[in-house]
There are 2 protein chains.
Amino acid sequence: MSARDTNARPAQSAQPVKGAGDAPRPARRRGRPASADRAAAGEAARDRILASARAEFAERGYDKASIRSIARGAEVDPALVHHYFGTKEQVFEAAAEVSFAPAAEGLGHLVPHGPDGLGEELVRFFLGVWEDPAVRAPLLAVVRSALSNETAARIFRGMVTRQLMARVAHRLDAPDRRLRVELAAAQMVGVAIMRYVLEIEPLASAEPEELVARLAPAVQHHLTGPVGEHPRGG
Amino acid sequence: MSARDTNARPAQSAQPVKGAGDAPRPARRRGRPASADRAAAGEAARDRILASARAEFAERGYDKASIRSIARGAEVDPALVHHYFGTKEQVFEAAAEVSFAPAAEGLGHLVPHGPDGLGEELVRFFLGVWEDPAVRAPLLAVVRSALSNETAARIFRGMVTRQLMARVAHRLDAPDRRLRVELAAAQMVGVAIMRYVLEIEPLASAEPEELVARLAPAVQHHLTGPVGEHPRGG
């Protein structure tokens, strides 16, 4: 699910405000009623605000980004940021949802092979998401904000729990499935941080398929393995 | 922040930075000559600087902390910070080493039970370190800086590799032991972030012993298990 779908569409009455920047408005189609023009302009402004918010949070982190700096980047009045998104916290949530969308949508589209293959399926999917720098960079930005600010952490926690963990947990049948999914996720979160952020070698340069082979058993163990027994293979 | 609590401890574990301080270590005896008094005063100033640096990096992160702010916190001239530690980068490294000392020293003192029990041993040790808020807070501060600044990441990477990973890897006999140790570490890093920073439930409230039982097999698998076989226990 994308942020676009979950956030309220701009109201027809939304007044696009000409901001501090004086870039010309995008060309409008001729012959449309004025209200449709206004709606399209509002939609465009909303998109610009969201793009500016993602860039601001990525570059400056949650603490330093402000409604004012986001408005400046989008060349709109700060009041319009409030109008479309509300508080800074809500802007962050909308921006983070866009960054999470590829992962959340992908998880929703995974073909279920039953619990026995879930470990490998998840590791492969997870690495696929993180191997793409265009997807990785905004995800990392959200993670960085979450690790340094309590409000961002709370939003991140809710998003991860609802959009990622819950989608995996519902495939399992054990009463402790939430803890199982979280331990599996912890394995992958740690790999992401050590491989893509800290770039610790040889992990940073290992082939994805080698990592799948090594990680899938550990992840599968968390999801469906016995608790408290050593899962050493033969 | 409890970072200050651990700052109070004597800097025995802090490695004197090579070539930075020319003060001899203090000989705390009576009737010492004036030069020894000066040395003791220098030592005290150095400790104050280190404590201030740890607090500054913890509160403001690597980017925002400065030699000037560290000097102000220690009530010394900025030139003295340079004198004892060198650049901001070197101050960070010295501060991070103090924060890492409990983990690094503890790892060095683990009684080796041979590779078969290493997974459980490491998980128990790791959770012990992170369960202590006075140890955890400064570690988290270093991790946060490393995740948001490339220089801090490089220092952190070197420290983790030399002081933690290498101490575990030398207990293993496999040619891929570095990758094995890193995947095991990734499991624990992910748990630390999800349990202690993001506080995702039920992981955040799980009993340490339950986590040992669940994590030890996965960690052991990485250290000594077969590659590419599913380690499901019976």
Side-chain angles (χ1 to χ4, degrees), chain A residues 61 63-64 116 119-120 140 143-144 146-148 153-154 156-157 160-161 165 176 178-180 182-195 197-204 206 210-222 224-234, chain B residues 61 63-64 116 119-120 140 143-144 146-148 153-154 156-157 160-161 165 176 178-180 182-195 197-204 206 210-222 224-234:
Chain A
D63 282 330
K64 282 194 270 185
D116 276 3
E120 182 172 335
L140 272 181
V143 172
R144 284 196 181 100
L147 293 182
S148 58
R154 182 170 47 71
F156 180 79
R157 185 164 58 228
V160 167
T161 306
M165 306 284 194
D176 57 351
R178 284 178 59 203
L179 182 56
R180 286 176 174 274
E182 289 171 12
L183 292 171
Q187 172 74 74
M188 298 193 282
V189 165
V191 167
I193 285 178
M194 290 177 56
R195 176 176 170 88
V197 187
L198 301 175
E199 297 181 350
I200 293 179
E201 295 290 1
L203 178 54
E210 168 150 32
L211 295 180
V212 171
R214 288 173 182 267
L215 290 168
V219 170
Q220 187 68 45
H221 163 72
H222 289 313
T224 58
V227 175
E229 293 182 39
H230 284 229
R232 283 194 288 280
Chain B
D63 283 330
K64 281 194 270 185
D116 276 4
E120 182 171 334
L140 272 181
V143 171
R144 285 196 180 100
L147 293 181
S148 59
R154 182 170 47 71
F156 180 77
R157 185 164 58 229
V160 168
T161 307
M165 306 283 193
D176 57 351
R178 283 179 58 202
L179 183 55
R180 285 176 175 276
E182 288 170 15
L183 292 171
Q187 172 73 75
M188 297 191 284
V189 165
V191 167
I193 286 177
M194 290 175 58
R195 176 174 168 90
V197 186
L198 300 175
E199 298 181 351
I200 293 178
E201 295 290 359
L203 177 55
E210 168 150 32
L211 295 180
V212 170
R214 289 173 182 267
L215 290 167
V219 169
Q220 186 68 47
H221 163 72
H222 289 313
T224 58
V227 174
E229 292 181 39
H230 284 230
R232 284 192 287 280

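Both backbone and side-chain heavy atoms feed into the values below; hydrogens, waters and symmetry mates do not. Quick note on labels: first sequence line is chain A, next is B, and so on, each numbered from 1.
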With distance as the sole test, does [X] use its side chain to make a donor-acceptor pair with the main-chain N or O of [Y] at under 3.5 Å?
| X | Y | value |
| --- | --- | --- |
| A:Gln187 | B:Leu183 | yes |
| B:Arg157 | A:Ile200 | no |
| B:Arg214 | A:His222 | no |

Worksheet entry | Option in A:Leu140, A:Leu198, A:Val189, A:Val197 with maximal non-hydrogen atom pairs under 4.5 Å from chain B |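 Top count of heavy-atom pairs under 4.5 Å with chain B: A:Leu198.
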
Worksheet item: For chain B, which of A:Val212, A:Asp176, A:Val160 has the most heavy-atom pairs under 4.5 Å?
Response: A:Asp176

Worksheet item: Among B:Gly61, B:Ala184, B:Gly190, who wins on heavy-atom pairs under 4.5 Å with chain A?
Response: B:Gly190

Fill in: Among B:Met188, B:Arg154, B:Glu201, residue most engaged with chain A (heavy-atom pairs, under 4.5 Å)
B:Glu201

Discussion item. What verdict does the side chain to side chain contact (heavy atoms under 4.5 Å, CB included) test give for B:Leu179 and A:Glu210, after you've listed the backbone C-alpha separation in whole Å, the side-chain angles of each residue and the deciding distance to 0.1 Å?
Written reply: CA-CA 11 Å; B:Leu179 183 55; A:Glu210 168 150 32; 3.9 Å; yes

Name the region of [X], side chain, backbone, both or neither, that has any atom closer than 4.5 Å to a heavy atom of chain B.
| X | value |
| --- | --- |
| A:Glu199 | both |
| A:Leu211 | side chain |
| A:Ile193 | side chain |
| A:Arg144 | side chain |
| A:Ala185 | both |

Worksheet item: Is the closest side-chain heavy-atom distance between B:Met165 and A:Leu203 below 4.5 Å?
Response: no

Discussion item. Would you compute the distance between atom CZ of B:Arg195 and atom CD of A:Glu182 and round it to the nearest 0.5 angstrom?
Written reply: 11.0 Å

